[in-house]
Structures are given as structure tokens and as C-alpha cells.
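All remarks here apply to the structure that follows.
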Amino acid sequence: MVDHPLRPSAVVGVVGGGQLARMMAQAAGPLGIDLRVLGGPSDEGAATVAPIERGDITDPGTLERFAAACDVLTFDHELVPIETVRHVEEAGHAVRPGSASLRLSDKALLREALAGRFPLPPHTVAHAASEAVAFGDEHGWPVVVKAARGGYDGRGVNVAENAQDVALFMHALDEGVPAVVEPVLDLEAELAVVVVRRPGGEMRTYPVVRTIQVDGQCHEVAYPAGVERSVEEAATRLAGEVAETIGAVGILAVECFVVDGEVLLNEIAPRPHNSGHWTIDGAVTSQFENHLRAVLDRPLGSTEPSWPAVTMLNLIPGDPPADPRDHVAAALATGAHVHVYDKTPRPGRKVGHVTATGSDPGAVRAQAIAAAASMGSITAGGSP
């Protein structure tokens with residue numbers, strides 16, 4: 001029997017309907033991949049570019065039925081209970097990344113699994129306020145109190161000046177969720193390395209980038225990272241070794257701190273990641289295309305940059321929030337690349353990103369800042 005010429009070469013199911021699913025769908029079309037999305041009732045971003053099924057992503061039966069119609073299941077986020085992911089795996093469906101990798105997006109489980117094998121900041125996993133206070137008394141105040149799971153874009157990350165702050169932050173955690181407690185570090189830089197890996201072990205690594213965080217939320221990503229070559233090499237080596245150790249499949253983003261010239265592992269994201277959005281316009285193969293290649297076990301594309309300098313800025317509205325869709329023409333006039341996510345603007349919510357490319361890092365960054373500001377976005381470069 002001869003395949004119909006328009007039949008998709010593969011069906012990829014994505015759990016979660018946000019901007020990552022949206023950008024995976026945009027990468028899937030040229031590859032002949034049918035990408036389908038299982039999203040929650042409030043998910044935005046993917047619905048205008050891919051078929052989206054609404055359902056309870058935490059329900060094992062719902063997830064298994066969705067997986068049965070796909071060649072492989074992958075993820076827009078890590079909010080699916082690990083027990084649910086295991087249920088789908090045990091039913092015989094291909095899930096990439098698998099539960100063994102996904103569980104390590106939990107900051108506490110990551111540290112418990114990798115402590116002693118990779119350099120980590122001083123830390124403790126606190127299940128009670130008294131444990132966090134004891135850490136602060138030993139290591140000095142203030143301390144950073146991070147929800148082990150469920151936090152993103154700065155949510156669930158707080159700086160505690162004293163025991164009263166710790167009690168307040170610990171009380172706000174969801175039931176059963178511990179906190180990771182660390183000192184407030186004197187950071188020389190925050191770096192990210194995006195790795196892509198196939199099931200059989202073929203792996204490629206994107207260049208190290210510098211990330212600029214504001215209140216725990218990523219505002220800016222810059223290539224080159226502007227750090228010593230030895231630091232870049234250490235970060236690249238760390239990311240590759242982490243990917244191999246946990247058996248990552250697909251994109252794995254490894255976020256690092258640089259303290260006194262040493263690269264420390266901060267956290268990982270086993271999926272396409274904000275720190276890799278620059279690759280859409282700035283690399284030979286985007287992280288989204290390479291993620292799809294990897295989860296389908298296809299040959300990986302080049303991870304080489306296409307330009308000497310790239311800056312990506314998230315579009316983050318202030319209050320009142322501007323809708324970036326109203327200002328696309330102004331941003332395009334700057335020469336930057338514009339990506340809007342079709343999400344309802346709210347203060348502090350990522351609703352898109354702009355990317356500038358070129359030869360001079362300073363000029364490229366200025367171009368990206370001008371584009372973001374023209375869309376009413378608050379950026380790391382300042383307010384519009």
C-alpha cells in the first residue's frame with residue numbers, strides 16, 4: 001500500500017497549550033508533522049495555530065486516550081503529575097521526555113538526585129519553617145526560599161530577611177510542597193545552556209547564553225554570553241553531563257549561576273525553554289524544530305548560531321497592560337523579529353518576544369530594546 005502523499009509523517013501530541021506548544025506547532029508544519037495539543041480550559045497561545053483538545057491534563061485516562069492517537073507525547077510545561085505520566089508510559093505509549101527526567105524539574109528532587117555529582121549552591125530542602133530558619137542561622141541572612149515545584153516566572157521564589165519572612169513564605173506553599181533554601185549569592189552571571197538529545201544518545205548543544213532576570217523572571221537572553229571561555233566551557237560540559245546522567249530526550253535547558261568563577265547548577269527544564277527562543281531567528285535550527293526531531297528520534301539539526309550577536313527580549317506588559325498585537329508595525333520598523341503569542345495581556349505576563357540579530361552585540365541589544373519598548377513592554381533595558 002502506498003502512503004497518501006499528504007499524510008503526515010508523524011503525529012506529535014503536546015500536553016499544554018501555551019506559547020511553547022504554539023512555537024512547536026509552527027516548527028512542525030515544514031517537517032510534515034501533525035502536531036496536536038491537549039490543553040486546559042484557560043490555556044492560550046497554541047489554539048490559533050494547532051488543533052487543541054480541551055481536557056483535564058492531570059487525569060490518567062484523559063492523557064492515555066490523547067496519547068493513543070499520537071506517535072509520541074511531549075510537553076509544554078511540567079504541571080502534569082508524575083504519577084499520571086508514569087501511567088501513560090506503563091500503558092505502552094512513547095512519552096519524551098519521560099517521567100524520570102520530568103520529575104527533576106522539581107527543584108528539591110533535582111538537588112537530592114544530583115548533589116555530590118555536580119556543583120550546586122549551598123542549600124537545604126525544608127519541609128518546615130524551622131528547617132529553613134536553621135539554614136539561615138547557619139549560613140547567614142537573607143536567604144532565598146524557593147517552592148520546589150509549581151513556581152515559574154519568579155512565582156514561588158522569595159527572599160527572606162528573617163524567621164518571620166520564612167514562616168510567611170512557607171505557609172503560602174501548597175500542601176506537601178517543600179522549599180529549597182539557599183543563600184543570597186553574589187552572582188557574576190546567570191547562564192543557560194540548551195541541549196538536545198535523541199533516545200539513542202546523539203546530542204548537540206547550543207551556545208551558552210547569558211540571561212537577565214528581574215524579580216526572578218527572565219527578561220533578556222544574550223548571545224554571546226560575555227563570559228570567559230573557561231566559564232563557557234564549564235557550563236557546556238555541565239549541561240551535557242546532566243543531560244547524559246538523567247537520560248534526557250528532546251530539549252533540556254540547564255540554568256547555571258556563576259559565583260567566584262565557578263559554574264553552579266541552578267535548575268533544569270526538560271522541554272523547550274525561554275532561554276532558547278533566540279534560536280528561532282538566531283540559529284541554524286531552532287530549539288523547537290530540534291525538540292520535534294529528537295522526540296521522534298530523527299537526525300538532529302545544527303545548533304550553530306546564524307549571527308555573531310543575538311538578543312532576545314520578552315514582551316512583558318506593565319500596568320495598564322499594552323496588547324503587543326496593536327504595535328507590531330512599530331516593532332517591525334526597528335528591524336527586529338517579532339513573535340506574539342495571542343495571549344491576553346496582563347501585567348507581568350509574557351505575551352511575546354522580540355529578537356534582534358547582527359554583528360555588534362551593543363547595537364543588537366539596542367535594537368531589541370527599541371522594538372520591545374515600541375510594543376509597550378517593560379524590558380531589562382528599562383521602561384518604555
Side-chain angles (χ1 to χ4, degrees), residues 19-20 22-31 49 189-196 204-214 218-227 229 232 235-236 239 251 253 255 272-293 300-316 324-325 327-341 350-382 384:
Q19 64 261 29
L20 300 183
R22 176 189 182 87
M23 288 181 272
M24 277 189 253
Q26 291 167 331
L31 298 177
V49 298
E190 293 186 65
L191 305 177
V193 186
V194 170
V195 178
V196 60
R204 296 193 180 187
T205 305
Y206 287 92
V208 178
V209 294
R210 181 189 291 258
T211 64
I212 295 179
Q213 317 285 327
V214 178
C218 181
H219 276 228
E220 178 177 347
V221 176
Y223 166 78
V227 295
R229 179 66 179 271
E232 284 193 351
T236 300
I251 289 289
E255 297 183 89
H273 189 255
N274 197 181
S275 65
H277 290 358
W278 70 274
T279 64
I280 298 173
D281 304 300
V284 174
T285 312
S286 78
Q287 66 162 344
F288 298 98
E289 178 177 336
N290 257 338
H291 183 71
L292 295 172
R293 290 182 181 220
L300 301 177
S302 170
T303 53
E304 290 298 310
S306 303
W307 298 88
V310 185
T311 295
M312 188 282 296
L313 289 176
N314 286 311
L315 298 178
I316 303 172
R325 291 168 290 195
H327 305 284
V328 170
L332 291 175
T334 69
H337 305 271
V338 178
H339 302 263
V340 294
Y341 302 155
K350 294 175 186 172
V351 292
H353 72 268
V354 295
T355 306
T357 58
S359 300
D360 178 74
V364 164
R365 184 171 189 264
Q367 184 183 42
I369 289 173
S374 73
M375 302 184 82
S377 174
I378 297 173
T379 74

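- Using a 4.0 Å cut-off between charged side-chain N and carboxylate O, R365 and E220 make a salt bridge.
- At least one donor-acceptor pair under 3.5 Å links the side chain of Q213 to the backbone N or O of C218.
- Side-chain atoms of S286 come within 3.5 Å of backbone N or O of E289 as a donor-acceptor pair.
- Checked by atom type and distance alone, the side chain of S306 pairs as donor or acceptor with a backbone atom of V284 at under 3.5 Å.
- In this structure, Y206 and W278 have perpendicular ring planes: the angle between them is above 60°, well past the 30° mark.
- When atom types are taken as modelled, the side chain of T285 and the backbone of S302 share a donor-acceptor pair closer than 3.5 angstrom.
- Residue F288 holds its CZ atom at 6.5 Å from OG1 of T279, rounded to the nearest 0.5 Å.
- Remark: the backbone N or O of I316 is not paired with any side-chain donor or acceptor of N314 at under 3.5 angstrom.
- Contact of the R210 side chain with the V221 side chain is not registered, since no non-hydrogen atoms from C-beta on lie closer than 4.5 Å.
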Evaluate Q19 against H277 for side-chain hydrogen bond (donor to acceptor under 3.5 Å, both in side chains), listing each step before the verdict.
CA-CA 11 Å; Q19 64 261 29; H277 290 358; 5.3 Å; no
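- Formation of a donor-acceptor pair under 3.5 Å by the H291 side chain with backbone atoms of I251 is found in this model.
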Output, in order, the C-alpha distance, side-chain angles, deciding distance and verdict of side chain to side chain contact (heavy atoms under 4.5 Å, CB included) for M312 and V209.
CA-CA 10 Å; M312 188 282 296; V209 294; over 6 Å; no
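- Without hydrogens or angle criteria, Q367 side chain to T334 main chain gives a donor-acceptor distance under 3.5 Å.
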Apply side-chain hydrogen bond (donor to acceptor under 3.5 Å, both in side chains) to the pair H339 and D281, showing each step before the final yes or no.
CA-CA 10 Å; H339 302 263; D281 304 300; 2.8 Å; yes
